[in-house]
A.B. asks: 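Provided herewith is a single structure, encoded as C-alpha cells, for subsequent inquiry.
Residues take their numbers from the sequence shown, with the count starting at 1. As the structure is a computational prediction, the values presented were derived from the model and not from experiment.
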Amino acid sequence: MNELQIALIALGAAAVAGVWVYNKWQERNHRKLAERVFRGQQPDVLLGGEGTAAADDERREPVMAPAAEAKAGPPAPPAEWVDDLADCAIRIEFVEPVPAPGLWAAQSSWAVHLTKTLSWLGFDGPGNQWRKLGAHDAGRYAVVCAVLQLADRQGAVSDNELSVFLDGVRQLAQQFSGLAEAPPRDQVLIHARALDEFCAGVDVQLGVNIIDAGDDVFVGTKLRGLAEAAGLALADDGLFHAVDDKGIDLFTLGNLGLELFEVESIKSLATRGVTLSLDVPRVADGAAVFDRLVAVAGQLADGLGGDLVDGQGNPLSEAMLAGIRAKIGELQQKMAAHQIPAGSARAQRLFS
C-alpha cells in the first residue's frame, strides 16, 4: 500500500468520525430541548396541574405512558350512574370550570329531541366526588360527563337520536373550550342494537289470574282485606304491590277489568277477576318470588271462591306452575350469563 492510499484511508476515517461526533452533538441538543419542554413550568390547562420544574438536572428520557397515566384526572364516575354495558358516556374536560346553568342551557336545545334517558354528571373538585347535575345546579365544573342510555323497553337508541347526542356533546364542548372524548358512532349503534335484541329475548312478564268459579263477582272491600292480609299494599298506580324488605316491587295485583283499584272506589267495586303479575327481568331470584306469588294467589282464590287460570282461562295445574317456575329460572340464568342479573340496577334500567 503506497503513501497516497494510506492518506486517503486516514482522511475517510476522520470524516466518518466527524459525522459521528456531529450527530451525537445534535442528539444531545435535541434531548436537552425536549427535557426543557417536558419539564417546563407551564400547567396542563385540561388537567389543572401546576407543572413544576425538575428539582435536579437528572436526565429523563421521554417515554410513552399508558393513556390512563398520561392523562390522569378525576376517577371514573360511580357505576350506578355510568353503566359500561347500558350507557354511552362522553367525558368533557374544559380549560376553565364552566357554570352549570350555562351547560344546562346549552344542552337543552338538542336534549329535548332525545327519547332515551340523558344524565349529566359533574366532578366536584373540592369535594373529590361526582355529582348528578340538574336544571337548578349552581356549581362550576371543569370535568363533566354526558350519559345516554342505549336501550330500554321501547327499543334501542336510533341512528338519528345517537347522532343528535354525539353532535350535541361535541358542539357543547367547542362552545365552552372543552375536549370531548366521544366513541365511534357505528360501534355504539351496533352495541345498542345487540343489547336490545338480547333484552327482547328475555323480557317476560307473566300473570296468574283468579276468576270466579261460577258467574259471580268479587267484592272490592273483601278483595282489599284479603290482599292486605297477604302483605300487599295499594299504591297510587291502582295496583296492590308486594315488596321486599328494601321496598323493591316483587309482584302486583290488578283488576282484570278496566277500572283501577283506588282507595275510595274500591269500596263499591265489583269485578269478575284479578291478576297477579310478575316482571321476570326486574326481580332477583324469580323462582322464589313466583312461589310467593302462587301462595298469595292461592290465599286469594280460597278467600274469594275463585279459580287460578292462565291468560286464556285454562286452569293452572301444579305441573303447569312447575313449568313456569323452571322457565323463570332458565331466563334469569341466561340474563346472569350476559352480565345483566335479574333485579339488578342494570336490569331495572334496561327493562323500564
A.B. asks: Between the side chains of R185 and D159, is the shortest nitrogen-to-carboxylate-oxygen separation below 4.0 Å, so that they form an ion pair?
C.D. replies: yes
A.B. asks: Output all residues satisfying side-chain contact (heavy atoms from CB on, under 4.5 Å) with E80, sequence neighbours left out; order by chain, then residue number.
C.D. replies: P78
A.B. asks: Does any part of the side chain of L148, heavy atoms only, come nearer than 4.5 Å to the side chain of L114, both counted from C-beta?
C.D. replies: yes
A.B. asks: Looking at H241 and G247, would you say the former's side chain and the latter's main chain have a donor-acceptor pair under 3.5 Å?
C.D. replies: no
A.B. asks: Do F240 and F261 have ring centroids that are under 6.0 Å from one another?
C.D. replies: yes
A.B. asks: Closest heavy-atom contact between N128 and F123?
C.D. replies: OD1-CZ, 3.2 Å
A.B. asks: What is the distance from atom CZ of F94 to atom CZ of R140, rounded to the nearest 0.5 Å?
C.D. replies: 11.5 Å
A.B. asks: For R193 and H191: C-alpha separation, side-chain torsions, deciding distance, then whether side chain to side chain contact (heavy atoms under 4.5 Å, CB included) applies.
C.D. replies: CA-CA 6 Å; R193 290 172 177 172; H191 173 77; over 6 Å; no
A.B. asks: Would you call W130 and C145 a side-chain contact if the rule is heavy atoms closer than 4.5 Å?
C.D. replies: yes
A.B. asks: Would you check if the side chain of W120 reaches a backbone N or O of L103 as a donor-acceptor pair within less than 3.5 Å?
C.D. replies: no
A.B. asks: Look up atom NE2 in H113 and atom CG in N160, then write down how far apart they are to the nearest 0.5 Å.
C.D. replies: 10.0 Å
A.B. asks: Which residue in the set K116, R349, Q149 passes side chain to side chain donor-acceptor pair (under 3.5 Å) when paired with D87?
C.D. replies: R349
A.B. asks: Looking only at side chains, do D152 and S352 share a donor and an acceptor under 3.5 Å apart?
C.D. replies: no
A.B. asks: Is it possible for you to say whether V112 and V157 belong to one hydrophobic cluster, with membership spreading through side-chain heavy-atom contacts below 4.5 Å?
C.D. replies: no
A.B. asks: If I compare all heavy atoms of D216 with all of R272, which pair ends up nearest, and what's the gap?
C.D. replies: O-NH1, 3.7 Å
A.B. asks: What are the two closest non-hydrogen atoms of C88 and L166, and how far apart are they?
C.D. replies: SG-CD2, 4.4 Å
A.B. asks: So, applying side chain to side chain donor-acceptor pair (under 3.5 Å) with T275, which one of T252, N255, N209 is it?
C.D. replies: N209
A.B. asks: Short question: side chain of Q332, backbone of V280 - any donor-acceptor pair under 3.5 Å?
C.D. replies: yes
A.B. asks: With salt bridge (charged side-chain N to carboxylate O under 4.0 Å, His left out) as the rule and sequence neighbours excluded, what pairs involving residues 285-296 come up?
C.D. replies: D291-R325
A.B. asks: Hey, are the side chains of T271 and V217 touching, using non-hydrogen atoms and a 4.5 Å cut-off?
C.D. replies: no
A.B. asks: Enter the distance from L250:CG to R282:CZ here, rounded to the nearest 0.5 Å.
C.D. replies: 11.5 Å
A.B. asks: What distance do Q348 atom CD and I340 atom CD1 have between them, rounded to the nearest 0.5 Å?
C.D. replies: 12.5 Å
A.B. asks: Hey, does C199 have a side-chain heavy atom less than 4.5 Å from the side chain of L195?
C.D. replies: yes
A.B. asks: Would you check, one step at a time, whether the test side chain to side chain contact (heavy atoms under 4.5 Å, CB included) holds for L118 with W110?
C.D. replies: CA-CA 11 Å; L118 173 65; W110 50 267; 4.1 Å; yes
A.B. asks: Decide yes or no for I92 and V169: does some side-chain heavy atom of the first lie under 4.5 Å from some side-chain heavy atom of the second?
C.D. replies: yes
A.B. asks: State plainly whether one hydrophobic cluster holds both V143 and V147, where clusters connect Ile, Leu, Val, Met, Phe, Trp and Tyr through side-chain heavy atoms under 4.5 angstrom apart.
C.D. replies: yes
A.B. asks: Evaluate side chain to side chain contact (heavy atoms under 4.5 Å, CB included) for V202 paired with F351, printing each intermediate quantity in order.
C.D. replies: CA-CA 10 Å; V202 296; F351 295 92; 3.8 Å; yes
A.B. asks: NZ of K327 to CD of E330: how many Å apart, nearest 0.5 Å?
C.D. replies: 4.0 Å
A.B. asks: What pairs meet the salt bridge (charged side-chain N to carboxylate O under 4.0 Å, His left out) rule with one or both residues in residues 240-255, with sequence neighbours excluded?
C.D. replies: none
A.B. asks: Can you tell me how far CG of L253 sits from CG of L276, rounded to the nearest 0.5 angstrom?
C.D. replies: 5.0 Å
A.B. asks: Answer yes or no: is there a side-chain heavy-atom contact under 4.5 Å between L278 and V283?
C.D. replies: yes
A.B. asks: Is it the case that one hydrophobic cluster holds both L189 and V164, taking links as side-chain heavy atoms less than 4.5 Å apart, direct or via other members?
C.D. replies: yes
A.B. asks: Can you name the ring pair (Phe, Tyr, Trp, His ring centres under 6.0 Å) partners of H338, sequence neighbours left out?
C.D. replies: F198
A.B. asks: Just by distance, do the side chain of D310 and the backbone of N314 share a donor-acceptor pair under 3.5 Å?
C.D. replies: yes
A.B. asks: Begin with the C-alpha distance, continue with both residues' side-chain angles, and end with the deciding distance and a verdict on side chain to side chain contact (heavy atoms under 4.5 Å, CB included) for I248 and V243.
C.D. replies: CA-CA 5 Å; I248 298 175; V243 300; over 6 Å; no
A.B. asks: For the hydrophobic clusters of this structure (ILVMFWY residues joined by side-chain heavy atoms under 4.5 Å, transitively), does one cluster hold both I211 and L293?
C.D. replies: no
A.B. asks: Using a 4.5 Å cut-off on heavy atoms from C-beta on, say whether the side chain of F290 contacts that of I324.
C.D. replies: yes
A.B. asks: I'd like to know whether R170 forms a salt bridge (charged side-chain N to carboxylate O under 4.0 Å, His left out) with D167, so could you lay out the CA-CA distance, the side-chain angles of the two residues, the decisive distance to 0.1 Å, and finally the verdict.
C.D. replies: CA-CA 5 Å; R170 291 190 188 99; D167 293 343; 3.2 Å; yes
A.B. asks: Is a side-chain donor-acceptor pair under 3.5 Å present for S277 with Q205?
C.D. replies: no
A.B. asks: Same cluster or not: are L316 and V204 linked, directly or through other Ile, Leu, Val, Met, Phe, Trp or Tyr residues, by side-chain heavy atoms under 4.5 angstrom apart?
C.D. replies: yes
A.B. asks: Test side-chain hydrogen bond (donor to acceptor under 3.5 Å, both in side chains) on S177 and E96; report intermediate values, then the result.
C.D. replies: CA-CA 8 Å; S177 300; E96 298 290 342; over 6 Å; no
A.B. asks: Measure across F251 and V289 and return the closest heavy-atom pair with its distance rounded to 0.1 Å.
C.D. replies: CD2-CG1, 4.0 Å
A.B. asks: Do any side-chain atoms of residues 219-233 form donor-acceptor pairs under 3.5 angstrom with protein atoms, and if so which ones, sequence neighbours left out?
C.D. replies:
unit_1	atom_1	unit_2	atom_2	d
K222	NZ	G303	O	3.0
R224	NE	E228	OE2	2.9

A.B. asks: Can a donor-acceptor pair be found, under 3.5 Å and without considering hydrogens, that links the side chain of Q175 to the backbone of A106?
C.D. replies: no
A.B. asks: Tell me the closest heavy-atom pair linking D212 and F218, and the distance in Å.
C.D. replies: N-CZ, 3.4 Å
A.B. asks: Report the residues that fulfil side chain to side chain donor-acceptor pair (under 3.5 Å) with R153, sequence neighbours left out, ordered by chain and then residue number.
C.D. replies: D203, D279
A.B. asks: Closer than 3.5 angstrom, by distance alone: can the side chain of Q107 be matched with the main-chain N or O of W104 as a donor-acceptor pair?
C.D. replies: yes
A.B. asks: Is the shortest side-chain heavy-atom distance between I328 and L206 below 4.5 Å?
C.D. replies: yes
A.B. asks: Please find the pair of heavy atoms, one from D196 and one from G155, that lie closest to each other, and give the distance.
C.D. replies: OD1-CA, 3.3 Å
A.B. asks: Please check this pair: side chain of R346 against backbone of Q339, looking for a donor-acceptor N/O pair closer than 3.5 Å.
C.D. replies: yes
